[in-house]
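This report concerns only the one structure given below.
Any value given below was found using the heavy atoms of this structure, including those in side chains, with hydrogens, waters and symmetry copies removed. Reminder, nothing fancy here: chain letters follow the sequence lines and each chain counts from 1.
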Amino acid sequence: MKSKLSFLLITHIFVYFRWEEERYTDGSKWRFLEHKGPVFAPAYEPLPEHVHFYYEGKMSNLSPPAEEVATFFSKMLDHEYTTKDIFRKNFFKDWRKEMTSEEKSKITDLKKCDFSEMSQYFKAQSEARKQMTKEEKLVQENERILEEYGFCVMDNHKERIGNFRIEPPGLFRGRGDHPKMGMLKRRIRPEDVIINCSKDSKHPKPPPGTRWKEVRHDNKVTWLASWTENIQGSIKYIMLNPSSRIKGEKDWQKYETARRLKKCVDHIRAQYRDDWKSKEMRIRQRAVALYFIDKLALRAGNEKEEGETADTVGCCSLRVEHIKLYPELDGQDFVVEFDFLGKDSIRYYNKIPVEKRVFKNLQLFLENKQAEDDLFDRLNTSILNKHLQELMDGLTAKVFRTYNASITLQQQLKVLTSPDENVPAKVLSYNRANRAVAILCNHQRAPPKTFEKSMQSLQSKIDAKKQQLFAAKKELKVAKSDTKTFHAVSRVVETKRKAVQRIEEQLMKLEVQATDREENKQIALGTSKLNYLDPRISVAWCKKWSIPVEKIYNKTQREKFAWAIDMADEDFEF
DNA sequence: ATAAAAACTTAGCACCCATGTT
DNA sequence: AACATGGGTGCTAAGTTTTTAT
């Protein structure tokens with residue numbers, strides 16, 4: 001095991017060294033890229049003869065493609081989305097576009113459609129799939145596809161591709177109250193796909209009888225293939241896996257920018273505090289917004305086109321209705337209450353005392369405005385980012401999130417780690433530090449459906465373990481007194497003592513697990529770990545306390561953070 | 001200068017499967 | 001062997017930032 005590890009380590013250093021030599025000075029360019037192109041979604045199998053669709057109670061024969069479209073709806077029948085009016089309206093509208101003229105005149109009302117038989121069929125199918133053995137599931141076939149299409153060669157290195165499959169057709173499900181939910185997401189064909197690869201590579205071949213939309217050779221961008229999606233009209237890309245050089249370097253760069261912010265953040269903070277007093281409204285707004293972004297780790301908040309997406313906001317797009325001002329609340333002065341839906345329609349709710357000057361400014365911004373008016377009417381993300389750019393090269397709003405997340409982790413690790421704790425307790429401390437960041441960044445999750453139950457069963461395990469400990473201690477006592485009374489062999493005492501110790505450790509482990517899980521109920525740690533925390537902080541912490549890095553990062557994460565694992569020693573300071 | 005498009009990062013959730021338990 | 005459970009992974013939507021067009 002050990003030799004394998006050190007071999008890997010050497011390989012990594014070697015690889016990075018090689019890359020160093022081969023790379024252009026501008027790290028974003030590649031010189032050679034070869035790949036096999038994307039994998040297309042398989043065609044739907046027609047429904048078997050005995051599965052029918054009913055209209056007004058009568059059996060009805062549908063011909064493709066309408067059948068294929070109806071399939072999506074029946075597959076989702078028990079999903080809460082399908083009970084929403086917008087979903088049904090959008091679905092039916094798009095379905096009608098796919099109907100033959102005969103169907104179109106016949107099928108005029110979604111309420112009269114009965115998909116239950118189709119729905120049952122798909123449920124049965126997925127049940128059946130669960131029973132299948134590995135061969136039946138075509139595991140090997142999938143592995144072969146991964147091997148053939150899942151990798152590319154960039155700058156002479158074989159790299160894993162992130163998403164090499166074209167997204168299959170289906171019904172669009174946005175998050176939150178999305179006006180387009182239920183719309184038909186159409187099938188992507190080779191004719192929709194642009195291929196990007198190097199001029200001198202073997203071009204990926206389109207499936208027989210088809211052609212690509214375009215083959216281009218643009219080495220200033222990192223995607224291998226792209227297509228335009230029909231719901232929002234945005235472009236989707238096929239790109240490399242996070243373990244790739246091109247992503248890893250970018251990630252590293254991101255944290256280096258955040259570290260540069262660390263050096264000038266005091267100055268920037270002094271500056272925006274000063275700007276709270278500015279004569280110009282736009283500067284005051286900019287300064288207050290920046291204060292929120294810095295202090296509360298809010299997102300920038302771009303404007304969004306109304307009716308195209310769910311109504312969510314970030315800092316610059318906050319509206320009057322999203323904040324409440326309390327000159328005094330629960331013994332604290334100048335409290336601002338935030339309540340709005342952010343990215344992914346996740347609710348941000350926070351009551352926070354602010355400086356008097358900020359409070360007065362907010363009152364000023366709210367004057368003569370309606371609930372639906374912008375709080376910062378003289379500000380948007382591009383104004384803000386332009387200003388930030390002047391303060392520091394490469395500074396944008398999101399750098400504050402990265403900086404504050406990483407610095408919080410580092411601080412919390414210092415505060416929470418006690419040297420004499422054992423490994424599980426230290427890992428708990430790490431998770432707590434991680435959790436502080438997740439709370440700061442408002443990374444939430446739905447409590448797991450089985451949460452209560454699994455918590456209970458863990459508790460009963462703990463109780464059982466306590467009983468066991470009690471019994472073991474008693475046995476130890478008996479053994480001790482036996483030794484005294486009968487001059488028996490002390491080996492027995494040793495064994496008993498070891499048993500007590502072992503059980504104590506097990507109990508401790510369970511208790512730590514319970515605490516960890518309880519505190520984690522509604523908080524998602526993964527996002528901050530993956531996107532906001534400089535991995536070198538974690539690696540350094542592991543080295544300092546002799547914690548195996550595997551306790552903190554799983555295999556995928558270790559691959560993504562290979563650069564940091566190689567780079568950081570225990571003295572690393574963010 | 002501004003708007004729109006393109007490119008790239010961040011996000012939560014469903015599902016799958018290894019693992020441990022009964 | 002059947003079952004539960006939780007972590008890992010794939011998926012793709014939803015953001016931010018950068019680039020290009022007007």
Side-chain angles (χ1 to χ4, degrees), chain A residues 28 41 79 126 129-130 132 134 137 139 142 146 150 162-168 170 172-176 178 180-181 185 194 196 218 220-223 226 228-229 231-242 246-247 250-251 253-254 257 293 298-305 308-310 312-317 341-346 380-386 388-389 394-402 405 438 441-446 448-451 453-455 457-458 461 513 516-517 520 522-532 553-557 559:
Chain A
S28 68
H79 196 284
S126 87
R129 229 192 94 80
K130 278 182 198 154
M132 284 183 188
K134 288 204 169 175
K137 280 185 191 165
V139 165
N142 275 333
L146 171 70
N163 55 329
F164 55 91
R165 286 174 208 276
I166 295 278
E167 295 173 16
F172 178 78
R173 310 146 78 149
R175 320 242 168 114
H178 198 116
K180 299 197 170 186
M181 64 167 80
K185 187 169 129 171
I194 303 173
N196 192 28
D218 182 354
K220 310 218 180 16
V221 296
T222 67
W223 52 269
S226 74
T228 303
E229 152 270 350
I231 304 288
Q232 321 271 3
S234 63
I235 307 171
K236 299 265 185 161
Y237 300 93
I238 286 182
M239 289 183 180
L240 295 189
N241 187 275
I246 209 152
K247 294 287 184 192
K250 206 76 191 296
D251 210 32
Q253 221 177 68
K254 173 181 82 185
T257 307
I293 285 173
L298 299 190
R299 295 189 184 83
N302 288 299
E303 301 106 296
K304 303 167 76 186
E305 218 174 316
E308 293 292 300
T309 58
T312 62
V313 297
C315 186
C316 294
S317 50
L341 297 183
K343 182 175 179 181
D344 293 308
S345 292
I346 297 289
N380 61 39
T381 51
S382 85
I383 296 174
L384 179 67
N385 278 336
K386 203 164 282 170
L388 292 176
Q389 191 59 237
L395 187 61
T396 61
K398 88 185 179 91
V399 179
F400 281 88
R401 245 166 108 80
T402 311
C441 295
N442 200 229
H443 290 141
Q444 298 187 17
R445 62 166 185 175
K449 287 188 185 78
T450 53
F451 185 82
K453 215 178 71 186
S454 77
M455 213 58 209
S457 77
L458 189 57
K461 263 191 216 165
Q513 202 186 347
D516 209 21
R517 203 187 291 174
N520 229 17
Q522 300 199 57
I523 298 163
L525 300 186
T527 304
S528 50
K529 203 181 209 177
L530 234 49
N531 300 304
Y532 289 103
Y553 292 133
N554 67 32
K555 184 163 159 285
T556 321
Q557 294 164 338
E559 279 165 13

Who pairs with [X] by side chain to side chain contact (heavy atoms under 4.5 Å, CB included), at least two apart in sequence or on another chain?
{"X": "A/Glu308", "answer": "A/Lys180, A/Gln232, A/Glu305"}
{"X": "A/Ser317", "answer": "A/Val313"}
{"X": "A/Asp251", "answer": "A/Lys254, A/Tyr255, A/Lys560, A/Phe561, A/Trp563"}
{"X": "A/Asn196", "answer": "A/Trp30, A/Arg216, A/Asp218, A/Val221, A/Trp223"}

Practice task
Please work out if A/Lys247 contacts a base, only the sugar-phosphate, or nothing of the nucleic acid, heavy-atom cut-off 4.0 Å.
Solution key: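 Sugar-phosphate, no base atom in range.
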Practice task
Classify the nucleic acid contact of A/Lys254 as base, sugar-phosphate or nothing, counting any heavy atom under 4.0 Å across all strands shown.
Solution key: sugar-phosphate
Problem - Residues that A/Tyr532 engages under ring pair (Phe, Tyr, Trp, His ring centres under 6.0 Å), provided they are two or more places apart - result: A/His443
Practice task
For nucleotides 10-20 of chain C, just jot down a letter per nucleotide in 5' to 3' order: B, S or -, based on protein non-hydrogen atoms under 4.0 Å.
Solution key: SSBSBSBBS--
Practice task
Give a yes/no answer on whether the side chain of A/Arg445 brings an N or O atom under 4.0 Å of OP1 or OP2 in C/dG7.
Solution key: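 Answer is no, no contact under 4.0 Å.
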Practice task
Examine B/dG12: is either OP1 or OP2 under 4.0 Å from a nitrogen or oxygen in the side chain of A/Thr527? Give yes or no.
Solution key: yes
In whole Å, what is the span from the [atom1] atom of [X] to the [atom2] atom of [N]?
{"X": "A/Ile246", "N": "B/dC8", "atom1": "CD1", "atom2": "C1'", "value": "11 Å"}
{"X": "A/Asn554", "N": "C/dG6", "atom1": "CG", "atom2": "C1'", "value": "13 Å"}
{"X": "A/His443", "N": "B/dA11", "atom1": "NE2", "atom2": "P", "value": "4 Å"}
{"X": "A/Leu530", "N": "C/dG7", "atom1": "CG", "atom2": "P", "value": "16 Å"}
{"X": "A/Asn531", "N": "B/dC8", "atom1": "CG", "atom2": "P", "value": "17 Å"}

Any N/O pairs under 3.5 Å between the protein and nucleotides 3-7 of chain B? List them or say none.
residue	atom	partner	partner atom	Å
B/dA7	OP1	A/Trp223	NE1	3.3
B/dA7	OP2	A/Trp223	NE1	3.4
B/dA7	OP2	A/Tyr237	OH	2.8
B/dA7	O5'	A/Tyr237	OH	3.4

Problem - For A/Ser234, side chain to side chain donor-acceptor pair (under 3.5 Å) partners two or more places apart - result: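 Only A/Glu229 meet the side chain to side chain donor-acceptor pair (under 3.5 Å) criterion with A/Ser234.
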Exercise for the section: Return the set of residues passing side chain to side chain donor-acceptor pair (under 3.5 Å) with A/Thr312 (not counting sequence neighbours), or none when no residue passes. Expected result: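 For A/Thr312 the side chain to side chain donor-acceptor pair (under 3.5 Å) partners, ignoring immediate neighbours, are A/Lys304.
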Handout entry: Side-chain (A/Gln444) to main-chain (A/Ala524) donor-acceptor, under 3.5 angstrom
Key = no
Practice task
Taking all heavy atoms of A/Asn241 and all of A/Lys247, pick out the closest pair and write down the distance.
Solution key: O-CG, 3.6 Å
